[in-house]
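Take a look at the structure below.
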Amino acid sequence: MLNTLRSIVQEVNGAADLDEALKIIVERVQEAMGTEVCSVYLLDTSMNRYVLMATMGLNQDAVGQVSLGYSEGLVGLVGVREEPINLEHAQKHERYRYFPETGEERFESFLGVPIIHHKKVLGVIVVQQATNRRRFDEGEEAFLVTVSAQLAGVIAHTEATKYIAGITATGAQAKDVSFKGVAGAPGVAIGQSVVIFPTADLDSVPDRDVEDIPKEIKEFEVAIQSVRKDIEQVGQRLAAQLRPEEQALFDVYLGMLDDNALAGEVVRLISEGKSSQSALRKVIKDYVGHFEMMSDAYLRERAVDIKDLGSRILGYLQESEKTVRSFPENTILVSDELTATMLGEVPADKLKGLVSIKGSGSSHVAILARAMGIPTVMGLIDVPLSQLDDRELIVDGYNGDLFTSPSQDLRSYYEDIVQEDRELDASLEKIKDLPCETTDGHRVLSWVNTGLMADVLRSLDQGAEGVGLYRTEVPFMINERFPSEQEQMICYREQLEAFAPRMVTMRTLDIGGDKALTYFPITEENPFLGWRGIRVTLDHPEIFLVQMRAMLKASEGLDNLRIMLPMVSNVNEVEEALHLIYREYHEVRAEGYDVSMPQVGVMVEVPAAVYQVKELAERVDFLSVGSNDLTQYLLAVDRNNPRVASLYHSFHPAVLQALNRIAIDAKEAGVQLSICGELAGDPAGAVLLMAMGYDALSMNASNLLKVKSVIRGIDMAWARALLDKVLLLDSPYIVRSTLDLALKNAGFNRYLRPSRASGDQNQ
Ligand code: PEP
Ligand code: MG
């Protein structure tokens, strides 16, 4: 059974489009289950009807013609109940509906299973049998449920391809197609998409057409020659160590590069106008699918070799791609997984919006985008990246929606929002040099989080009173090796000088999780529970010590450095780190630098630290809550995984209780308490944190003036009353709506994110 299932899924995965995928499904399921009929009905959301999309056993003419209302017939019943319905005498059921055009009256036994993807019913798969047949047995039902669950993702993906082209799954015209992702950075961007992809990653090569076909073919042939040469050389080098049958494998690869095999197919697609890279992706994907379907395990394994061959050819093609990419004025950068480096590839004045298929709103790249003020949508997991290049897109970073080929009406709607945002920003300018204090004089420090040099200028422009978090890993991430002590020192000095005499809190290198260094890869099963932050740097004192020296030297004469330790889960980590910091401090002074010992603090970002505030406070000068990680660890929701993004609630009652407890314990311990997670930049979050007693709020520069404007418009009693009220609530949704309502009633409606009345929500 497993083999049958695997081969169906593989075959469907390799289908060129939705129609072909559905055809394969009905044919193969009918065959595997030995039934007379197998059909797939898909729900067309624009009509709210189930349309017969493919069948084996019913009249083919009925395909695309027969449709049922949302809750009509047995198909509708399966959809509404979201569970299988298995009937021996379907015609006796009160919901049975008869369509003469399907020739259905001959069939009695009915088994319908919903096709559900991410909680959404996409359609129903049905098998039927003639009168003399018994009820489908339990095993058959389980098989169909398994097929449906496995294929739902593939169907969603192929459906999305159609939607991008402006047609619904059932072929009707789709208007203002939107895809639901996760809000990454607020704001709206309207522009032209450019897909950017890591080199030698075949899967993310977009579909592109070319004009100069002969040139494209020539480049492809040169790439093939280079790969051929590489393989021959490797073969010769290994000749002595390989058995003849292993040696023969190299001949197989060389054979594939022949005109009458893989290479020939690529050239054929190029001749039809495809770019060499797109054509290569398509052909390799077909080959890989073909091999993966083989029942022989050895041959199945060869799929890996084909992928390798594909990457090698791609590598040469990309090397020969000499033209520097030009970016349109309103570039919306799209990628499978955006990285900090990619953001830097587009000139800043042209980069208007970002789209990342992977990741979610709490991913580090989203945080970076927020700091840069670039509207971003993340986690569009079912959107086929290859179809997204060179399209007009609207990025709604408030609600996490992406629109392809928008209508004039929709464009005007969003242009108005862009204009309103601009006006709001301009109106806030006047408070940038005023203190962040309530109407009754309670003062909180308004700090910023920085990473790139560009953040510094933005932050100063917004009147930041200091830096509560400088993410030192950012300069590490955009390098090709660990930066030297001197390089680090220059970078840190820039930050310290720019803000002096205001304090700059530098966090020691916090890599791991979703922050990777290309030159120091960390591959592990559960990266967020693994080798991260202080765990890495304490294991590599040579990296930690160089960073400490660079920070200390950079602070000479300025004395505005504070050092902060990330991911602390044990007091001994603090002690070890302090020991190293003191050691470096004395050494740097002995070398003649006139530096003072900086304040050292700990981030409270794992649940263990919440319960050890007192013990941590005894050892350091300040505590700063990393609510981004604290939320992920308290709720057991990976901050980078879009599948569970809807469970990541910054206002979850458990998170609020933890934050409150930290504030109480920190006050008792007499230590300064700040917060540098994204919650501080949410106006409602900031009000609650201030009411809890946090001394400083550190946030993205983009949010600073909004937060300040709200705090300057309320008094402490109002904030405390609101806090008392929400601390009694038990649901994150009710907390959020209570806060929104309170802010709205207090006149801060314009800081609440605009939410569009639901249109065609296709994903
Ligand atoms: C946090 O975890 O809240 C934090 C500020 O650090 P980062 O987002 O860089 O992990
Ligand atoms: Mg963190």
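As the structure is a prediction and not an experimental result, all values here were calculated from the model. The analysis underlying the following values was restricted to heavy atoms, covering all of them including side chains, and did not include hydrogens, waters or symmetry mates. As the structure lists them, so they are numbered: ligands from 1, and atoms in each ligand from 1.
For an aromatic pair to be called close, the ring centres must be under 6.0 Å apart, and His540 with Phe482 fails this.
Per-residue contacts place Cys676 under 4.0 angstrom from the following atoms of ligand 1 (heavy atoms of the residue considered): 5 (C). Within ligand 1, the atoms closer than 4.0 Å to a non-hydrogen atom of Met603 are 4 (C), 5 (C), 6 (O), numbered from 1 in the order shown. If you number the atoms of ligand 1 from 1 as listed, the ones under 4.0 Å from a heavy atom of Arg532 come out as 10 (O). In summary, the atoms of ligand 1 found under 4.0 Å from a heavy atom of Ile367, numbered by their order in the structure, are 8 (O). The ligand atoms of ligand 1 that sit less than 4.0 angstrom from a heavy atom of Asp629 are 1 (C), 2 (O), 3 (O), 10 (O). Listed by number with element, the atoms of ligand 1 under 4.0 angstrom from any heavy atom of Leu469 are 5 (C).
Using a 4.0 Å cutoff on heavy atoms, Met564 does not count as a contact of ligand 1. Assignment of Arg507 to the shell around ligand 1 is supported, since a heavy atom sits closer than 4.0 Å. Ligand 1 is approached by Lys515 to a heavy-atom distance shorter than 4.0 Å. Residue-ligand proximity: Met567 is placed with every non-hydrogen atom at 4.0 Å or more from ligand 1.
At a cut-off of 2.8 Å, measuring from the Mg ion (ligand 2), the protein N, O or S atoms that fall short of it are Glu605 OE1, Asp629 OD2, waters left aside.
Checked for salt-bridge contact, Glu473 and Arg507 meet the test: a charged N lies under 4.0 Å from a carboxylate O. Checked for salt-bridge contact, Lys744 and Asp740 miss the test: no charged N lies under 4.0 Å from a carboxylate O. Between Asp510 and Arg471 no salt bridge is recorded (no basic side-chain N to carboxylate O distance below 4.0 Å).
Of the candidates Leu368, Asn628, Val625, the one placing a heavy atom closest to atom 3 (O) of ligand 1 is Asn628.
The CZ atom of Arg532 sits 6.0 Å away from atom CD of Glu605, with the distance rounded to the nearest 0.5 Å.
Remark: the Ser362 side chain and the Asn628 side chain contain no N/O donor-acceptor pair separated by less than 3.5 Å.
Side chain of Gln632 to main chain of Arg639: a donor-acceptor pair is present (N/O by atom type, distance under 3.5 Å, no hydrogens or angles).
A 6.0 Å sphere centred on CZ of Arg643 holds no more than 12 heavy atoms belonging to other residues, nucleotides or ligands.
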